[in-house]
There are 2 protein chains.
Amino acid sequence: MPAVEEARKALAKGEVIVMAGPCEVVYEGRGASRLGEGERLVIIKRDRSILVHRPTGHEPVNWQPSGSAIEFKKEEGLTVVTATNGDEVLRIRFTKEPSLTLFKLSDEALFEMYASEEEMKMALLAEPSLIEEGFTPMEDERYVREAGRVDVLGVDREGRLVAVELKRRTATRDDVKQLMNYLDVLEREFGKRPRGILAAPSATKTARAEMAGSKIEFKCLTPKKCMQVIRKKKGLDAYL
Amino acid sequence: MPAVEEARKALAKGEVIVMAGPCEVVYEGRGASRLGEGERLVIIKRDRSILVHRPTGHEPVNWQPSGSAIEFKKEEGLTVVTATNGDEVLRIRFTKEPSLTLFKLSDEALFEMYASEEEMKMALLAEPSLIEEGFTPMEDERYVREAGRVDVLGVDREGRLVAVELKRRTATRDDVKQLMNYLDVLEREFGKRPRGILAAPSATKTARAEMAGSKIEFKCLTPKKCMQVIRKKKGLDAYL
DNA sequence: ACTTTTATTTCGCCG
DNA sequence: CGGCGAAGTAAAAGT
């Protein structure tokens with residue numbers, strides 16, 4: 001079966017196609033690019049995204065996102081692949097017949113990015129100075145009647161009660177309000193309003209405004225930093 | 001030959017390796033990620049960059065840039081690939097023996113991004129209003145003694161001489177200075193200082209400051225826009 | 001659906 | 001070499 005036919009069928013069957021061979025590549029769309037003859041890998045995925053990879057560099061030299069219209073043609077005896085997405089066109093012209101490798105891949109797994117909020121808390125408990133010098137955690141996940149759970153409850157160097165709310169991504173105004181809720185309940189319980197610290201990699205503008213108006217403090221804490229602490233801790237544990 | 005051995009040799013020979021099979025992927029570095037079992041393509045290039053591609057999505061789910069330390073191992077009978085780059089580690093554990101496809105690719109071609117400056121000039125000559133309404137090009141690449149060449153020399157709607165300098169990328173202060181040079185020479189030649197227009201997709205802050213201080217005008221002109229004009233022109237030519 | 005923000009951003013130029 | 005800005009940014013989250 002000719003390579004062009006085989007590729008069309010494979011794409012229809014949802015297989016991933018890898019073509020390898022000498023080709024010229026032209027892209028025109030938001031920008032424009034030209035790539036002279038050379039040997040590359042062309043990868044076409046089942047969602048009709050396409051990648052052109054040179055033998056070096058971890059980024060594709062050209063590509064088209066998923067949902068592109070992929071066409072396999074023979075033009076003057078040469079195999080041509082075009083991928084059209086709106087007014088953007090990628091055209092790959094193989095100057096010699098490319099090799100064709102097909103892969104039937106099944107992949108339903110969940111991709112989890114970043115350290116989890118749980119891991120961030122572990123890091124914080126292992127290294128309380130991530131919040132501030134002299135911070136001492138007292139309770140992990142303290143249950144606050146009606147309001148829910150405070151991530152970490154502790155005291156600062158001057159003995160003041162501190163409620164810490166952790167977020168693994170940009171903190172929102174809702175997160176600030178939730179922490180305010182905890183502070184309200186804790187104030188009634190202890191007779192004195194605790195400090196409130198929202199620890200997150202960043203905060204939205206509205207969240208910052210809310211914090212400014214309610215005396216809640218912000219502490220920048222990234223999952224990355226937490227991962228470093230956890231790994232350091234692990235390394236230490238392994239050493240001891 | 002075992003796949004692990006074969007992969008090592010291929011990498012040493014500068015070949016591009018494509019491994020396909022069910023695997024689990026763990027990344028820890030600037031961030032951290034976990035990807036459960038599923039079938040993926042793993043591409044290892046000769047510059048020791050590595051990509052993990054799921055069957056959909058045009059971006060790799062995990063990767064490591066060029067210059068990573070790539071290791072192929074057998075652990076408890078399973079093939080494991082690790083790529084280490086500084087304190088970043090990518091680990092791919094194949095739960096079944098992966099297929100191994102090797103590609104010997106030679107690619108020395110130049111990659112040209114954007115429309116060329118030449119193409120931008122063609123567009124401008126074909127559609128002078130890209131500069132401003134009433135602009136009329138008079139000379140293409142006018143040689144200015146000692147100073148070099150002005151991209152386009154023309155007159156505006158009020159008959160004033162205009163020197164246009166084209167850049168396909170963000171204009172720098174040096175570009176402004178070059179245009180000023182042309183203006184100086186043209187002023188001596190014509191007895192009157194021409195208008196100077198720098199046409200580029202954007203300008204650096206320093207370039208903008210230099211323009212403000214030297215009465216040089218900026219006209220935003222993108223390669224994309226020029227490509228559109230060229231294509232429209234081509235379409236018209238084909239029609240006539 | 002549109003806008004804003006993030007990213008293991010990457011990449012290039014500027015200072 | 002560090003910092004800043006753009007990218008055919010892409011992709012996710014907020015509005």
Side-chain angles (χ1 to χ4, degrees), chain A residues 25-35 47 49-52 57-68 83-91 111-115 167-175 200-208 220 222-225 227-228, chain B residues 25-35 49-52 54 56-68 83-91 111-115 167-177 200-210 220 222-228:
Chain A
V25 186
V26 172
Y27 158 75
E28 283 186 14
R30 278 178 282 189
S33 75
R34 263 139 243 264
L35 179 59
D47 63 354
S49 55
I50 182 168
L51 306 164
V52 182
H58 92 274
E59 292 211 329
V61 63
N62 282 111
W63 70 95
Q64 205 67 281
S66 62
S68 301
T84 309
N85 188 280
D87 63 349
E88 303 196 85
V89 181
L90 177 64
R91 179 188 158 91
F111 178 66
E112 278 188 289
M113 188 64 219
Y114 294 132
K167 288 293 157 197
R168 72 188 184 101
R169 45 178 76 247
T170 306
T172 65
R173 193 169 53 170
D174 283 350
D175 298 329
S202 59
T204 62
K205 207 166 279 183
T206 52
R208 284 180 188 280
C220 177
T222 63
K224 176 188 167 184
K225 181 69 192 169
M227 285 307 293
Q228 287 171 348
Chain B
V25 186
V26 173
Y27 160 75
E28 284 187 10
R30 278 176 282 188
S33 75
R34 264 141 245 264
L35 179 60
S49 55
I50 183 168
L51 306 164
V52 181
R54 308 187 78 171
T56 60
H58 96 272
E59 290 214 329
V61 64
N62 283 110
W63 72 94
Q64 204 68 278
S66 63
S68 300
T84 310
N85 187 280
D87 62 349
E88 303 196 85
V89 181
L90 176 64
R91 179 188 159 88
F111 178 66
E112 277 187 289
M113 188 63 219
Y114 296 128
K167 288 293 157 196
R168 72 188 179 103
R169 293 179 289 152
T170 305
T172 65
R173 192 169 56 167
D174 284 349
D175 299 327
V176 181
K177 285 184 171 170
S202 60
T204 62
K205 206 166 279 182
T206 52
R208 285 180 187 281
E210 195 76 29
C220 177
T222 63
K224 178 188 171 185
K225 181 70 192 167
C226 292
M227 286 305 292
Q228 287 171 349

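The analysis underlying the following values was restricted to heavy atoms, covering all of them including side chains, and did not include hydrogens, waters or symmetry mates. Every chain is numbered from 1, with letters handed out A, B, ... down the list of sequences. All values derive from a computational prediction rather than experimental measurement.
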Starting at [atom1] of [X] and ending at [atom2] of [N], how long is that distance when rounded to a whole Å?
X: B/N62; N: C/dT10; atom1: CG; atom2: P; result: 13 Å
X: A/W63; N: C/dT9; atom1: CH2; atom2: P; result: 18 Å
X: B/H58; N: C/dT9; atom1: NE2; atom2: P; result: 17 Å

| First encountered from the 5' end of DNA chain D, between B/A203 and A/R30 |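 Its nucleotide being nearer the 5' end, the pick is B/A203.
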| A/L90 or B/G57: which one's nearest nucleotide on DNA chain D is closer to the 5' end? |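 Looking at DNA chain D, the more 5' nearest nucleotide goes with A/L90.
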What residues form a salt bridge (charged side-chain N to carboxylate O under 4.0 Å, His left out) with [X], not counting sequence neighbours?
X: B/E112; answer: none
X: B/D175; answer: B/K167
X: B/R208; answer: none
X: B/R173; answer: none

| message | I need the minimum non-hydrogen distance between B/N85 and B/P65, along with the two atoms involved. | response |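 Scanning both residues completely, I find the closest heavy atoms to be ND2-CG, 4.1 Å.
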| task | For B/V176 and B/A207, work out which heavy atoms get closest and say how close. | result |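 For B/V176 and B/A207, the tightest heavy-atom pair comes out as CG2-O, 3.7 Å.
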| Pairing residues for B/V61 by the side-chain contact (heavy atoms from CB on, under 4.5 Å) criterion, not counting sequence neighbours |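 A/F111, B/L35, B/V52, B/R54.
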| said: Once side-chain contact (heavy atoms from CB on, under 4.5 Å) is applied, do any residues pair with A/A32, and if so which ones, sequence neighbours excluded? | reply: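 Counting only residues at least two positions away or on another chain, A/A32 forms a side-chain contact (heavy atoms from CB on, under 4.5 Å) with A/E28, B/M227.
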| query | Taking the same atom, P, in C/dT4 and in C/dT8, what whole-Å distance lies between them? | reply |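 Per the computed distance, 22 Å lies between those P atoms.
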| field | Integer angstrom distance from the P of D/dG8 to that of D/dC4 | value |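 Approximately 22 Å lies between the P atom of D/dG8 and that of D/dC4.
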| task | Look at all strands and tell whether B/E59 reaches a base, only sugar-phosphate, or nothing, counting heavy atoms closer than 4.0 Å. | result |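 Sugar-phosphate: the residue B/E59, judged by heavy atoms under 4.0 Å, touches backbone atoms but no base.
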| task | For A/P65, report the nucleic acid contact type (base, sugar-phosphate, nothing); a contact means any heavy atom under 4.0 Å. | result |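 A/P65: base contact, heavy atoms under 4.0 Å.
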| request: Go through the side-chain N and O atoms of B/Y27 and B/Q64 and say whether any donor and acceptor fall under 3.5 Å apart. | output: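 There is no such pair between these side chains.
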| What residues, two or more places apart in sequence or in another chain, satisfy side-chain hydrogen bond (donor to acceptor under 3.5 Å, both in side chains) together with B/S66? |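 None.
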| Partners of A/E59 by side-chain hydrogen bond (donor to acceptor under 3.5 Å, both in side chains), sequence neighbours excluded? |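 So A/E59 forms no side-chain hydrogen bond (donor to acceptor under 3.5 Å, both in side chains) with any residue.
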Strictly under 3.5 Å: I want the nitrogen or oxygen pairs between protein and nucleotides 12-15 of chain C, one per line.
{"from": "C/dC13", "atom 1": "OP1", "to": "B/R169", "atom 2": "NH1", "distance (Å)": "2.6"}

| Which is the 5'-most and which the 3'-most nucleotide of DNA chain D that has an atom under 4.0 Å from a heavy atom of chain B? |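 Contact span on the strand: D/dG5 to D/dA11.
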| Secondary-structure stems, DNA chain D, at least 3 Watson-Crick or G-U base pairs under 3.5 Å |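 The stems that DNA chain D takes part in, listed by first number, are C:1-7 with D:9-15, C:9-15 with D:1-7.
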